[in-house]
Amino acid sequence: MSSAQAKNNRDNLDVQIGVLFASKAILQLLVNPLSGTFIDRVGYDIPLLIGLTVMFFSTCIFAFAENYATLFFARSLQGLGSAFADTSGIAMIADKYTEESERSKALGIALAFISFGSLVAPPFGGILYEFAGKRVPFIVLAVVCLIDGILLLTVIKPFSNRTRDNMPVGTPIYKLMVDPYIAVVAGALTVCNIPLAFLEPTIANWMESTMHSTKWEMGLCWLPAFFPHVLGVYMTVKLAAKYPNLQWFYGALGMVIIGASSCTIPACKTFGQLIAPLCGICFGIALVDTALLPTLAFLVDVRHVSVYGSVYALADISYSLAYAMGPIVAGNIVHNYGFVQLNLGMGLVNVLYAPALLLLRNVCQMKPSYSERDNLLVDDDEPEGLSDTIKMEERRGKKKGYSSAGYCLPVVVDENGGFDPFRAQTRTSLDESSGPEYS
């Protein structure tokens with residue numbers, strides 16, 4: 001076989017592997033709008049069980065797959081399972097922990113385990129593959145999914161839980177997409193994950209051609225980055241608890257660190273030098289994710305309805321967009337422009353996007369004890385249903401010096417038997433003008 005044929009075969013193999021990797025993120029990207037709406041309607045626990053079940057079967061298919069078509073099907077099926085499991089798991093945490101400090105801490109723990117799966121599991125799977133065979137890593141993962149599903153059935157008991165029956169209907173995902181604050185956060189989550197998504201399929205070839213790295217160096221290059229990622233999560237949680245109004249700044253700082261680290265990667269000449277910028281990228285991603293994921297829940301609390309399936313489906317779309325483009329787009333950029341230009345471009349995009357988070361400055365300075373939704377609604381916005389109207393009137397009552405417990409909003413119905421917020425507010429205003437004054 002000639003060298004040209006060998007190169008063509010290797011290029012075809014790289015394309016097939018790239019498409020295989022991207023198939024999960026692409027399907028996840030397509031399913032998330034539907035899974036977010038489904039989660040908003042039925043709750044968090046049943047979609048989580050669905051996701052774990054799908055991932056269990058897809059991992060088992062991986063273990064016994066013998067051809068590319070079966071591998072592609074199994075990988076795509078993992079995207080379907082992740083669209084349900086990832087979104088419902090994060091949304092469940094946001095729903096269970098309503099205090100901002102507790103929510104940041106809980107989401108930080110979840111992010112630490114996500115980083116464990118992203119950065120530690122690949123070399124762990126490689127070691128199992130090397131010494132135990134192809135099927136063992138996938139069987140281990142299938143067992144983990146099975147155990148997690150059993151714990152979900154025994155601890156949370158999704159089929160006996162009916163707490164969602166009286167919960168409000170969540171805001172549709174298309175409305176969340178056009179919210180400028182949520183759009184800025186979603187954009188930041190996509191941009192900050194581009195370096196990781198684009199480097200994972202390209203850095204091994206660059207290491208081999210530039211620094212003549214061994215197989216184990218290429219396999220373990222991301223492992224040290226797990227520790228600064230956990231450190232970044234820990235620091236952001238602590239800082240957010242002490243200075244909660246600076247969440248936007250932590251995210252912007254993380255994007256600057258990611259940008260600077262990406263730009264320094266092409267200058268590395270040895271494996272040891274390469275570890276530092278990779279650690280910097282993962283440290284920056286930890287700052288951005290840990291600061292902005294709780295901010296999404298906060299924005300939904302104060303601007304929409306406190307149901308989190310669709311907003312975290314939007315966050316998952318942001319991640320999936322980066323990882324869907326990574327295996328396909330990154331290789332073409334490296335082929336046409338070079339590895340140096342890829343890293344400089346990724347670094348520049350992160351640094352240029354960081355000032356956009358200034359838009360969140362006023363939002364992050366607000367405290368949950370004040371009328372956040374009242375302040376963030378524009379003048380011509382009407383309250384979204386009975387829950388919003390009651391809460392807004394109670395807050396206005398507290399501002400005027402009386403307790404809402406003894407001065408509640410009257411429920412006024414229209415001619416069709418539905419709630420009429422305008423007449424309710426009018427009647428409340430009339431009652432206030434004629435009612436007793438409180439000091």
Side-chain angles (χ1 to χ4, degrees), residues 24 27-28 30-65 73-99 102-103 105-118 120-121 124-125 128 135-170 173 293-294 297 300 306-313 315-316 319-320:
K24 172 185 179 292
L27 191 64
Q28 200 166 336
L30 297 174
V31 174
N32 262 311
L34 303 176
S35 66
T37 303
F38 181 72
I39 291 166
D40 282 347
R41 294 190 179 274
V42 305
Y44 310 110
D45 36 16
I46 292 177
L48 180 57
L49 182 63
I50 292 173
L52 289 172
T53 303
V54 172
M55 286 195 293
F56 170 78
F57 285 111
S58 66
T59 310
C60 291
I61 294 172
F62 251 123
F64 298 97
F73 174 75
R75 180 68 175 169
S76 301
L77 203 59
Q78 282 187 330
L80 176 64
S82 295
F84 284 93
D86 293 0
T87 305
S88 58
I90 297 295
M92 180 186 291
I93 293 172
D95 184 70
K96 297 297 182 184
Y97 297 90
T98 54
E99 291 293 328
E102 293 297 321
R103 181 181 282 167
K105 187 184 298 183
L107 287 173
I109 294 172
L111 287 171
F113 280 96
I114 290 173
S115 72
F116 179 85
S118 300
V120 179
F124 172 74
L128 280 180
R135 293 179 179 175
V136 173
F138 297 108
I139 292 174
V140 170
L141 291 178
V143 170
V144 171
C145 290
L146 182 62
I147 293 173
D148 201 5
I150 292 172
L151 289 174
L152 178 65
L153 288 171
T154 55
V155 176
I156 300 181
K157 299 178 181 177
F159 295 105
S160 62
N161 187 1
R162 291 293 177 265
T163 57
R164 287 288 305 164
D165 291 345
N166 298 320
M167 293 295 287
V169 177
I173 193 169
L293 280 180
V300 168
S306 296
V307 181
Y308 307 102
S310 289
V311 76
Y312 282 112
D316 208 30
Y319 293 125
S320 299

Review point. Atom CG of Asp86 and atom CD of Gln28: how far apart are they, to the nearest 0.5 Å?
Key: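 So the gap between those two atoms works out to 5.5 Å.
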Point to revise | For the student: nearest non-hydrogen atoms of Asp316 and Ser82, plus distance | key: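 Reported closest heavy-atom pair: OD2-O, 4.0 Å.
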Practice item. Could you please spell out the steps behind the side chain to side chain contact (heavy atoms under 4.5 Å, CB included) verdict for Phe56 and Thr53? Key: CA-CA 5 Å; Phe56 170 78; Thr53 303; 5.6 Å; no
Review point. Is a side-chain N or O of Thr87 found less than 3.5 angstrom from the main chain of Phe84, in a donor-acceptor match?
Key: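 Not a single qualifying donor-acceptor pair exists.
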Check your understanding: For the residue pair Gly36 and Ala313, what are the closest heavy atoms and their distance?
Key ->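 Answer, listing the atom of Gly36 first, then Ala313: CA-CB, 3.7 Å.
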Exercise for review: Quick one: closest heavy-atom pair of Pro33 and Ile173, and the distance?
Suggested key: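 Between these two residues, the closest heavy atoms are CA-CD1, 4.0 Å.
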Point to revise | Heavy-atom side-chain contact between Leu49 and Asp45 under 4.5 Å | key: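 The answer is no, as the side chains (C-beta and beyond) never meet within the 4.5 Å cut-off.
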**Study point:** N/O donor-acceptor pair under 3.5 Å between Ser35 side chain and Asn32 backbone
**Key:**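 Flag set: sc Ser35 to bb Asn32 pair under 3.5 Å.
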**Study point:** Gap between atom CD1 of Ile156 and atom CD1 of Ile46 - 0.5 Å precision
**Key:**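 One gets 11.5 Å once the value is rounded to the nearest 0.5 Å.
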Exercise for review: Applying side chain to side chain contact (heavy atoms under 4.5 Å, CB included) between Tyr308 and each of Asp95, Ile93, Asp40, report the one that passes.
Suggested key: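 Exactly one pass, corresponding to Asp95.
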Review point. From Leu27 CG over to Ser76 OG, what is the distance, rounded to the nearest 0.5 angstrom?
Key: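 So the gap between those two atoms works out to 6.0 Å.
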Exercise for review: Please test Ile90 against Tyr44 for side chain to side chain contact (heavy atoms under 4.5 Å, CB included), starting from the C-alpha separation and ending with a verdict.
Suggested key: CA-CA 9 Å; Ile90 297 295; Tyr44 310 110; over 6 Å; no
Check your understanding: So do the side chains of Leu153 and Pro158 get within less than 4.5 Å of each other, counting heavy atoms only?
Key ->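 Touching, per the 4.5 Å side-chain cut-off.
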Review point. Quick one: CG on Leu107 to CD1 on Ile114, what's the gap to the nearest 0.5 Å?
Key: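 With rounding to 0.5 Å, CG (Leu107) is 9.0 Å from CD1 (Ile114).
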Practice item. Could you walk me through whether Phe62 and Gln78 pass side chain to side chain contact (heavy atoms under 4.5 Å, CB included), step by step? Key: CA-CA 10 Å; Phe62 251 123; Gln78 282 187 330; 3.6 Å; yes
Check your understanding: Can any side-chain N or O of Tyr312 pair as donor or acceptor with the backbone N or O of Leu293 at less than 3.5 Å?
Key ->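 Judged by distance alone, yes, a pair lies under 3.5 Å.
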Point to revise | Minimum heavy-atom distance Arg135-Ala63, with the two atoms named | key: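 Scanning both residues, the minimum pair turns out to be CG-O, 2.9 Å.
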Exercise for review: Kindly say whether Met55 contributes a backbone atom to a donor-acceptor pair with the side chain of Ser58 at under 3.5 angstrom?
Suggested key: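 Between the backbone of Met55 and the side chain of Ser58 there is a qualifying donor-acceptor contact (under 3.5 Å).
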Check your understanding: So Phe38 and Ile50, side chain to side chain contact (heavy atoms under 4.5 Å, CB included) or not? Walk me through it.
Key -> CA-CA 11 Å; Phe38 181 72; Ile50 292 173; 3.9 Å; yes
**Study point:** Atom pair OG1 (Thr59) and CG (Leu141), whose distance is rounded to the nearest 0.5 Å
**Key:**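 Result: 6.0 Å between the selected atoms.
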